[in-house]
Amino acid sequence: MTIDEIIQNQITTHPVVLYMKGTAQFPQCGFSAQAVKLLKNCGVENFFTVNVLEEPDIRQGIKTFSNWPTIPQLYVNGEFIGGSDIMAEMHASGELQTLLQQG
């Protein structure tokens, strides 16, 4: 499988996917930690994470796939949502909670 095929499989197999540095239990950067916190604040306990620090091909591949230069990246129901800054804005407006409850 190509990197794009792997990513496509991950985002279509799991309703909520977070490409991040580290794991949900041990984030390796502040932005990834914030993304995990926002998801949990929205009541999402089970989400699929990909530690890009352990997957260098995916670390670069996800940036190309989404045309988004930074990590973390959130996908919900196969759709790219954005990074931690967009997640924070959506959380503040209530939009993130609504999106995640629909899934």
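Position 1 is the first residue of the sequence, and the numbers go up from there.
With rounding to the nearest 0.5 angstrom, the SG atom of C42 is 11.0 Å from the CD atom of E95.
Linking Ile, Leu, Val, Met, Phe, Trp and Tyr whenever their side-chain heavy atoms come within less than 4.5 Å leaves F26 and F47 in two separate clusters. Both V17 and I86 belong to a single network of hydrophobic side chains, linked directly or stepwise wherever heavy atoms of I, L, V, M, F, W or Y lie under 4.5 Å apart.
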Quick one: side chains of residues 67-76, donor-acceptor pairs under 3.5 Å with protein atoms, not counting sequence neighbours, listed by atom name and distance.
| unit_1 | atom_1 | unit_2 | atom_2 | d |
| --- | --- | --- | --- | --- |
| W68 | NE1 | T70 | OG1 | 3.1 |
| Q73 | OE1 | S66 | OG | 2.8 |
| Q73 | NE2 | S66 | OG | 3.2 |
| Q73 | NE2 | W68 | O | 3.2 |
| Q73 | NE2 | T70 | O | 3.1 |

What donor-acceptor contacts under 3.5 angstrom involve side-chain atoms of residues 27-40, with partners at least two apart or in another chain?
| unit_1 | atom_1 | unit_2 | atom_2 | d |
| --- | --- | --- | --- | --- |
| S32 | OG | K21 | N | 3.0 |

N/O donor to acceptor pairs below 3.5 angstrom from side-chain atoms of residues 2-11, sequence neighbours left out:
| unit_1 | atom_1 | unit_2 | atom_2 | d |
| --- | --- | --- | --- | --- |
| T2 | OG1 | E5 | N | 3.1 |
| E5 | OE1 | T2 | N | 2.8 |
| N9 | OD1 | T13 | OG1 | 3.2 |
| Q10 | OE1 | Y19 | OH | 2.7 |

Would you please test L99 and M90 for side chain to side chain contact (heavy atoms under 4.5 Å, CB included) and show each step? CA-CA 9 Å; L99 175 69; M90 289 176 71; 4.0 Å; yes
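The list of side-chain hydrogen bond (donor to acceptor under 3.5 Å, both in side chains) pairs with a residue in residues 41-61, not counting sequence neighbours, is empty.
The ring pair (Phe, Tyr, Trp, His ring centres under 6.0 Å) check on H91 picks up nothing, with sequence neighbours excluded.
Counting heavy atoms from C-beta outward, L18 and V50 have side chains that stay 4.5 Å or more apart.
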